[in-house]
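The structure presented is a predicted model; accordingly, all values stated were derived computationally and were not measured.
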Amino acid sequence: FRMHSLYALLFSSLAFAVYAKEQSVGARGTLMCGNQPLVNAEVKLWELDTFPDPDDLLATVHTDRQGHFQISGHEAEMTTISPVLKIYHRCNNKNMFNLPGLCKRKITYEIPKNYITPGKTASRFYDMGVLNMEAKMPKEATECI
């Protein structure tokens with residue numbers, strides 16, 4: 001039985017190596033907090049998977065002094081990847097117990113499939129434009145230390 005399990009594992013690993021294709025994706029935009037650039041907000045590019053395969057963190061960047069960000073990453077998968085952008089920020093944040101910096105607001109954006117390109121380098125970027133992060137968004141979460 002153990003030898004069968006070993007062969008099954010080897011075969012599935014080989015099949016993945018043969019059929020998995022490298023895919024890339026990218027996004028860019030500008031984050032604002034009201035009329036001010038949202039500086040140093042954390043932007044993470046994730047590839048969502050189904051159980052038992054865990055989600056993959058593809059890249060992390062922070063917004064610059066003008067609130068701009070550009071992010072890209074790649075992943076080898078047998079099926080089309082499911083990329084999302086997660087933005088963590090403190091704009092208009094009502095902190096727990098009024099302690100500054102304890103929690104961040106988190107909003108997730110799906111990146112449309114037509115921005116996924118073959119290979120390890122993104123050749124198309126989803127342009128999110130200028131986003132004002134002041135208002136609370138539907139399905140927004142809070143992430144604390």
*Hey, could you give me the CG/CH2 distance between Asp55 and Trp46, rounded to the nearest 0.5 Å?*
6.5 Å
_Looking at Lys113, I'd like to know if its NZ atom is crowded, meaning that more than 12 non-hydrogen atoms belonging to other residues, nucleotides or ligands lie closer than 6.0 Å._
yes
_Reported OG1-to-OH distance for the pair Thr108 and Tyr88, which is rounded to 0.5 angstrom_ = 6.5 Å
_Taking the side chain as everything from C-beta on, heavy atoms only, tell me whether Gln66 gets closer than 4.5 Å to Thr30._
no
*asked:* Surrounding NZ of Lys136 (heavy atoms of other residues, nucleotides or ligands, distance under 6.0 Å), is the total greater than 12?
replied: yes
_Gap separating the CG atom of Asn132 from the CG atom of Asn92, nearest 0.5 angstrom_ = 9.0 Å
*asked:* Looking at Gly26, is its backbone amide N or carbonyl O close enough to the side chain of Gln70 to form a donor-acceptor pair, meaning the two atoms are under 3.5 Å apart?
replied: no
*How close do Arg65 and Val39 get, heavy atom to heavy atom, and via which atoms?*
O-CG2, 3.6 Å
*Excluding sequence neighbours, so at least two apart, what forms side chain to side chain donor-acceptor pair (under 3.5 Å) with Ser24?*
Thr117
*Quick one: name the residues clustered hydrophobically with Val61, using the 4.5 Å side-chain heavy-atom rule over I, L, V, M, F, W, Y, and just say none if it's on its own.*
Val25, Leu31, Leu38, Val43, Leu45, Leu58, Phe69, Ile71, Ile81, Leu85, Ile87, Ile107, Tyr109, Ile111, Tyr115, Ile116, Tyr126, Met128, Leu131, Met133, Met137
*Partners of Arg124 by side chain to side chain donor-acceptor pair (under 3.5 Å), sequence neighbours excluded?*
none
*asked:* Salt bridge or not between Arg105 and Glu140? Use side-chain N to carboxylate O under 4.0 Å.
replied: yes
*Could you tell me which residues satisfy salt bridge (charged side-chain N to carboxylate O under 4.0 Å, His left out) with Glu42, sequence neighbours excluded, listed by chain and number?*
Lys104
*Shortest non-hydrogen separation from Ala27 to Phe125 and the atoms involved*: N-CD2, 3.5 Å
*NE2-NE2 distance between His89 and His62, expressed to the nearest 0.5 angstrom*: 13.0 Å
*asked:* Would you say that Gln23 contacts Glu77 through its side chain, given a criterion of any heavy-atom pair below 4.5 Å between the two side chains?
replied: yes
_Before you tell me yes or no, could you show the steps for Thr63 and His68 under side-chain contact (heavy atoms from CB on, under 4.5 Å), namely the whole-Å CA-CA distance, both residues' side-chain angles and the distance that decides it to 0.1 Å?_
CA-CA 5 Å; Thr63 55; His68 302 303; over 6 Å; no
*Listed by chain and number, what are the salt bridge (charged side-chain N to carboxylate O under 4.0 Å, His left out) partners of Lys106, not counting sequence neighbours?*
Glu143
*Could you list the residues that satisfy side chain to side chain donor-acceptor pair (under 3.5 Å) with His74, not counting sequence neighbours?*
Glu22
_Tell me the closest heavy-atom pair linking Gly129 and Asp127, and the distance in Å._
N-OD1, 2.8 Å
*For Thr60 and Lys44, indicate whether the former's side chain and the latter's backbone hold a donor-acceptor pair under 3.5 Å.*
no
